[in-house]
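Here is the structure we will look at.
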Protein chains: 2
Amino acid sequence: METLTIGKVAKQTGVGIETIRFYERQKLIDPPPRSASGYRQYPDTTVQRLHFIRRSKKLGFSLKEIRELLELHADPQATCGDIRQRAERKLADINKRIDDLEKMRGSLEILLASCSSNGTSMECPVMQAITGE
Amino acid sequence: METLTIGKVAKQTGVGIETIRFYERQKLIDPPPRSASGYRQYPDTTVQRLHFIRRSKKLGFSLKEIRELLELHADPQATCGDIRQRAERKLADINKRIDDLEKMRGSLEILLASCSSNGTSMECPVMQAITGE
DNA sequence: CTTGACTCTGTAGTATAGTACAGAGATTAT
DNA sequence: ATAATCTCTGTACTATACTACAGAGTCAAG
């Protein structure tokens, strides 16, 4: 099997070299075998692993959660239901965050509607609203 | 004018003592006068200021942005339009975050729809989708 | 064979928003 | 008077996700 240096893996995945080493320290990727001089020699599967991490991040999972997903993936005792549970929890989590942001948006829109952009900052209705008058 | 110790201010605002001192270091509240023994003696306006900070945070502003809002508020040259601009930028910012989260939600929902919760984690369609097969 | 590019380890710094002490002095309550 | 509570400074630590070196060694190209 062919092996890749860390720079090759970085190029193939778009993940920075320092970040790859960081992920190793964080136990998101296995420490690869080393050459005689100590260079990391990555198998192809590491490239797949990094893609997995990138995709999971896009879905909103934290590195800690991704590590847990990977552990589940590797655990023969783990079930599909376990995975589903994580995904559902994350979905609930995302919904909560959207909710919070929508509340912020609503408040900001109300404030902005009251503002005609005239006068000084002290007279600004937006500012007054936040100040609490 | 009556003055308040840091503990009183904390109680009145719900902001922790350590956090109040932290905000002072971050220049979000003015360093108050001190008693002979060095105790901070807060004017009432500090309580208002802390409420302002809390409300701004609820609207999604970072501490750095709040500091800028406060500077605008204090600047006689600043206009209501300046404030409005910040609020509009924040609104755009929030909309972007909502958008990103909605994309995550959409993807997660699709993944979850494909999962019947049967079998091992390796067979899980959610996992397979993230893995990229 | 030398130069430039690559990789190594280990440590430290970035940003955000606090939180947690230790050890000393001040104030309040009983 | 003494104990309990409060406050002080300064430093360090939390979590998250990287990013940036320094200084040394290694590999590939001309």
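Throughout, a chain's letter reflects where its sequence line sits, starting with A, and its residues are numbered from 1.
- Put simply, Arg67(B) has no side-chain N or O that comes within less than 4.0 Å of OP1 or OP2 on dT16(C).
- Distance Tyr42(B) OH to dT7(D) C1': 11 Å, rounded to the nearest Å.
- The separation between Glu24(A) atom CD and dC18(D) atom P is 16 Å, rounded to whole Å.
- At the phosphate of dG25(C), neither OP1 nor OP2 sits under 4.0 Å from any side-chain N or O atom of Ser37(B).
- Per the geometry, NZ belonging to Lys64(B) stands 6 Å off P belonging to dT16(C), to the nearest Å.
- For Glu24(A) and Arg40(A), the salt-bridge test passes: some basic side-chain N is under 4.0 Å from an acidic carboxylate O.
- In this structure, Tyr23(A) does not reach the dA17(D) phosphate: none of its side-chain N or O atoms is under 4.0 Å from OP1 or OP2.
- Counting atom types as modelled, Gln26(A) pairs no side-chain N or O with a base atom of dC18(D) as donor and acceptor under 3.5 Å.
- Contact check on Lys90(B) versus Glu65(B) returns a salt bridge, with a Lys/Arg side-chain nitrogen under 4.0 Å from an Asp/Glu carboxylate oxygen.
- In this entry the distance linking NZ of Lys58(A) with C1' of dA17(D) reads 17 Å, nearest Å.
- In terms of phosphate contacts, Lys57(B) brings no side-chain nitrogen or oxygen within less than 4.0 Å of OP1 or OP2 of dT16(C).
- Arg40(B) has a side-chain polar atom (N or O) that falls below the 4.0 Å cut-off from OP1 or OP2 of dC8(D).
- Residues Ala36(A) and Phe22(A) each lie close to DNA chain D; by heavy-atom proximity, the contact nearer the 5' end of the strand is made by Phe22(A).
- In this structure, Arg21(A) does not reach the dT9(C) phosphate: none of its side-chain N or O atoms is under 4.0 Å from OP1 or OP2.
- A salt bridge is absent between Asp93(B) and Arg89(B); no separation between the charged side-chain nitrogens and carboxylate oxygens falls under 4.0 Å.
- To the nearest 0.5 Å, atoms CD1 (Ile53(B)) and CG (Leu63(B)) are separated by 7.5 Å.
- Rounded to whole Å, the distance from CD on Glu18(A) to C1' on dT19(D) is 7 Å.
- Regarding Ile17(A), its CD1 atom lies at a distance of 18 Å from the P atom of dG10(C), rounded to whole Å.
- For the OP1/OP2 pair of dT26(D) and a distance below 4.0 Å, the side-chain nitrogens and oxygens of Ser35(A) include no atom meeting the criterion.
- Here the side chain of Thr120(A) pairs no donor or acceptor atom with the backbone of Pro76(B) at under 3.5 angstrom.
- Phosphate proximity of dA17(C) to Arg25(B): absent, as no side-chain N or O sits under 4.0 Å from OP1 or OP2.
- Remark: P of dC18(D) and NZ of Lys27(A) are 18 Å apart, rounded to the nearest angstrom.
- One can place CD1 of Ile29(A) at 14 Å from C1' of dC18(D), the figure rounded to the nearest angstrom.
- For dC27(D), the base has no donor-acceptor partner in the side chain of Tyr39(A) [N/O atoms by modelled type, under 3.5 angstrom].
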